[in-house]
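Step one of this worksheet: look at the structure below.
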Amino acid sequence: MADQLIEEVKQMIIDALRIEGMTPAEIDTDAPLFGEGLGLDSIDALQLVVAMEKQYGVVVPDAATGTKVFQSVRTVAAFIAENRK
Amino acid sequence: MICFMFPGQPLTFEATVPDDLDFRQVTALALERTGLNLADCTCRGEGLTEHVRLQVHGVAMSLYHCRRLRREGTVPAIIAEHSMGIYPAMAACGALEDGDALEMTCRIGACIAAMGTRNTYALGCITGLTAAPLMAVAENNGVFLANYNTSRHFLLSGERRNVEDAVAEALESGAFTARSFPCDAPLHSPLMEEVAGELRDIVGDYRFREPTLPLMNHIDQDYLSAADLPEFLVRELSLPVYWERTCQALSAAGVSRFVEVGVGDSLKKYNRWIASEGGR
């Protein structure tokens with residue numbers, strides 16, 4: 001997994017969710033995005049789906065896929081790397 | 001221009017509570033007027049359902065955050081509300097005393113909770129679909145669109161089995177997420193008219209003062225006067241919450257900063273979505 005894509009995904013999360021006062025370095029690559037990790041919810045998930053489609057042309061078609069993709073920054077980056085156009 | 005926006009019922013109690021003078025004062029007021037102890041979320045005397053306790057908790061926390069924000073120098077020029085956010089919103093603009101807002105929340109909550117002893121109800125939280133296909137899903141299953149939060153975030157309301165069927169159909173129709181939550185009553189649906197008379201009796205026990213700040217309502221985005229409030233409090237429970245329109249109307253009115261005053265940050269997230277669609 002390219003480190004650059006990992007960093008891009010972290011920045012995408014910060015930008016899409018308009019998280020104030022957080023830098024990419026503060027996001028753990030392997031921490032859960034939902035619940036105990038960044039504490040994201042379904043509203044955030046849909047915002048990230050739109051951002052991924054806009055930025056990388058990658059579609060997360062449903063919640064079942066989303067559950068797998070949004071486990072961590074690393075899984076998001078892996079999904080983008082495998083599916084981007 | 002700063003807008004204080006008051007959210008609806010939280011899904012959970014806050015895990016940790018503050019320890020300052022404002023919180024202690026609001027805690028004492030909630031205990032006196034509703035019997036709910038904010039510190040441990042228990043209630044004395046007549047038992048309140050989990051949902052009513054959450055409603056009182058949500059309103060009390062909004063009242064607390066409002067006091068704290070003002071003490072810290074954040075002063076609103078306009079007030080907005082989502083669903084039961086109307087109760088602390090009325091207090092924030094001087095239309096009602098804090099204690100009356102808490103008591104009214106508890107009494108109205110208990111009144112509508114009684115519906116849950118006669119039937120079973122649920123809310124369905126749907127993301128991803130737009131309003132038109134979701135409206136078709138609602139009609140197919142005999143439920144109602146209760147919250148129009150953004151172009152793709154909605155709440156359904158109705159009898160529990162119907163809501164569960166609608167949630168399943170929404171997923172089949174392409175919803176990104178869809179799940180149902182049991183609740184005491186079919187909030188923001190015409191089914192609430194069953195208790196409209198009792199609600200009018202409760203609301204009639206309170207005196208409303210003229211708001212000292214503009215108070216925008218979530219139905220038609222007009223500003224509420226003291227004379228409007230009693231009927232609005234009854235009517236709003238039978239009609240949907242139109243938050244997307246409210247957010248857009250607030251922006252058009254000149255609001256430059258939105259401050260969510262209460263538990264959680266759902267309104268902030270809805271606004272973020274609405275702003276991103278508007279290119280902001």
Side-chain angles (χ1 to χ4, degrees), chain A residues 8-24 26-27 31-73 75-76 78-80 82-84, chain B residues 7-8 10-12 14-16 82 123-131 133-134 147-156 167-181 243-244 247 257-260 263-280:
Chain A
E8 280 181 26
V9 167
K10 290 179 180 178
Q11 191 62 55
M12 179 190 73
I13 291 170
I14 290 169
D15 293 343
L17 304 184
R18 302 188 183 190
I19 303 173
E20 292 168 3
M22 181 178 275
T23 64
E26 292 173 83
I27 301 177
L33 295 177
F34 294 83
E36 294 298 310
L38 269 183
L40 308 187
D41 60 19
S42 64
I43 307 173
D44 299 316
L46 195 57
Q47 195 95 51
L48 289 179
V49 167
V50 172
M52 284 170 66
E53 191 166 352
K54 193 173 172 186
Q55 201 163 325
Y56 297 103
V58 169
V59 177
V60 180
D62 51 42
T65 309
T67 302
K68 294 175 190 162
V69 172
F70 293 125
Q71 285 180 33
S72 67
V73 168
T75 57
V76 173
F79 185 77
I80 290 171
E82 285 169 23
N83 295 280
R84 73 171 149 191
Chain B
L11 291 174
T12 58
E14 291 214 291
T16 55
H82 182 291
L123 299 173
C125 181
I126 315 292
T127 71
L129 288 180
T130 55
L134 189 57
N147 285 190
Y148 293 72
N149 291 323
T150 79
S151 63
R152 289 179 187 265
H153 301 86
F154 300 93
L155 214 57
L156 299 174
V167 162
E169 188 177 328
L171 282 171
E172 287 167 11
S173 301
F176 182 66
T177 61
R179 58 184 179 140
S180 63
F181 304 88
W243 181 255
E244 183 180 29
C247 176
R257 184 180 165 207
F258 290 92
V259 179
E260 186 158 1
V263 178
D265 53 6
S266 57
L267 297 182
K268 186 179 166 190
K269 290 181 178 183
Y270 296 146
N271 288 4
R272 181 185 70 202
W273 180 277
I274 295 161
S276 69
E277 284 193 323
R280 287 180 280 124

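In the text below, chain A, chain B and the rest are named by the order of the sequence lines, each starting its count at 1.
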Considering all heavy atoms of both residues, which atom of [X] and which atom of [Y] are nearest to each other, and what is their separation?
X	Y	value
B/Trp273	A/Val50	CH2-CG2, 3.5 Å
B/Thr127	A/Ser42	CG2-OG, 4.0 Å
B/Phe176	A/Ala63	O-CB, 2.7 Å
B/Ala275	A/Arg18	CB-NH1, 3.8 Å
A/Ala16	B/Arg272	O-CD, 3.6 Å

A/Ala64 versus chain B, heavy atoms under 4.5 Å apart: side chain, backbone, both or neither?
-> neither

So, the part of A/Val49 with a heavy atom under 4.5 Å from chain B: the answer is side chain

Rounded distance [0.5 Å steps], CG in B/Asp265 versus CG in A/Asp41 = 7.0 Å

Got a second to check how far A/Ile43's CD1 is from B/Asn149's CG, nearest 0.5 Å?
-> 7.5 Å

Out of A/Leu17, A/Asp62, A/Val60, A/Thr65, which one racks up the most heavy-atom pairs below 4.5 Å with chain B?
-> A/Leu17

What part of B/Arg179 gets closer than 4.5 Å to chain A, counting heavy atoms only: side chain, backbone, both or neither?
-> neither

